[in-house]
Amino acid sequence: RGALGVGIGSAEPRAESSRSTSASSCLRASPTSAQSPSTARSEEPDGSQADAVVKAMLPVVTRGMASPNRAVFRTALESLQRIERMFGAGAVDRQLDVLSDALEAQLPKPGGEARAAKAVEMLASLCSDAG
């Protein structure tokens with residue numbers, strides 16, 4: 001028993017030791033991972049990167065604006081709001097031609113005038129005042 005008790009007693013600290021080692025390795029990894037997001041946040045995309053992202057998102061937004069489904073349409077408008085928050089009003093301004101073409105295509109469709117009016121209202125609130 002005594003030898004068994006000592007063996008168990010010595011095994012427990014080892015288990016705790018390995019746990020603390022893995023916990024400390026997680027803690028060591030944590031500051032590094034915590035630094036990465038802050039580094040990424042400090043690096044704002046330049047104008048060409050922002051335009052590339054907006055142009056990639058635009059087909060989805062215009063299709064959503066064309067949808068008769070109210071939830072899809074609302075999501076498209078919310079996406080425009082996100083674009084403006086992330087990249088500024090200028091990013092929306094630079095895409096007005098594409099957006100206005102999508103809106104014009106909506107006018108003859110059932111409910112298109114109402115959707116276009118909501119979209120124009122949203123765009124007016126998002127666009128910059130310089131123009």
Side-chain angles (χ1 to χ4, degrees):
R1 270 190 184 196
L4 187 58
V6 171
I8 292 172
S10 64
E12 287 176 12
R14 286 184 196 151
E16 289 174 27
S17 173
S18 67
R19 284 184 203 139
S20 65
T21 302
S22 48
S24 64
S25 65
C26 289
L27 291 175
R28 276 181 269 161
S30 180
T32 306
S33 61
Q35 290 172 357
S36 296
S38 65
T39 304
R41 274 186 240 126
S42 67
E43 296 175 9
E44 293 295 322
D46 66 18
S48 62
Q49 286 177 327
D51 286 341
V53 171
V54 172
K55 285 180 183 178
M57 292 174 67
L58 211 54
V60 175
V61 171
T62 56
R63 279 192 301 253
M65 289 171 55
S67 176
N69 183 319
R70 288 181 183 172
V72 172
F73 177 75
R74 186 174 354 129
T75 301
L77 295 183
E78 290 168 357
S79 294
L80 283 173
Q81 287 176 318
R82 273 187 243 115
I83 289 170
E84 189 271 336
R85 279 194 307 265
M86 289 188 309
F87 304 111
V92 176
D93 290 351
R94 289 187 291 275
Q95 303 305 323
L96 282 177
D97 288 340
V98 174
L99 294 168
S100 64
D101 289 345
L103 291 174
E104 283 182 38
Q106 293 310 301
L107 293 175
K109 295 181 180 178
E113 287 183 24
R115 284 194 309 272
K118 287 181 184 178
V120 167
E121 183 181 333
M122 171 68 70
L123 286 170
S125 72
L126 297 178
C127 293
S128 68
D129 294 330

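The analysis underlying the following values was restricted to heavy atoms, covering all of them including side chains, and did not include hydrogens, waters or symmetry mates.
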Show me the pairs that pass side chain to side chain donor-acceptor pair (under 3.5 Å) and involve residues 65-75, at least two apart or across chains. none

If a pair satisfies side chain to side chain donor-acceptor pair (under 3.5 Å) and one of its residues is in residues 107-127, list it, with sequence neighbours excluded. Q106-R115

If you measure from CG on L80 to CZ on R85, what distance do you get to the nearest 0.5 Å? 11.0 Å

Could you measure the distance from the CG atom of D93 to the CD atom of E84? Nearest 0.5 Å is fine. 9.5 Å

Would L99 end up clustered with M86 when hydrophobic side chains under 4.5 Å apart are linked, directly or stepwise? yes

Consider only side-chain heavy atoms of I, L, V, M, F, W and Y, link residues closer than 4.5 Å, and tell whether V120 and F73 are in one cluster. yes

Contact check, side chains of S79 and V60, non-hydrogen atoms, under 4.5 Å: no

Minimum-distance pair of heavy atoms, taken over all atoms of [X] and [Y]:
| X | Y | value |
| --- | --- | --- |
| S128 | A89 | N-CB, 3.5 Å |
| V61 | A76 | O-CB, 3.5 Å |
| A91 | I83 | CB-CG2, 4.4 Å |

Can you sort out the partners of V98 under side-chain contact (heavy atoms from CB on, under 4.5 Å), two or more places apart, ordered by chain and number? L58, T62, Q95

Given Q81, M65, E78, the one that forms side-chain contact (heavy atoms from CB on, under 4.5 Å) with M122: Q81

Can you sort out the partners of R94 under salt bridge (Lys or Arg N to Asp or Glu O under 4.0 Å), two or more places apart, ordered by chain and number? D51

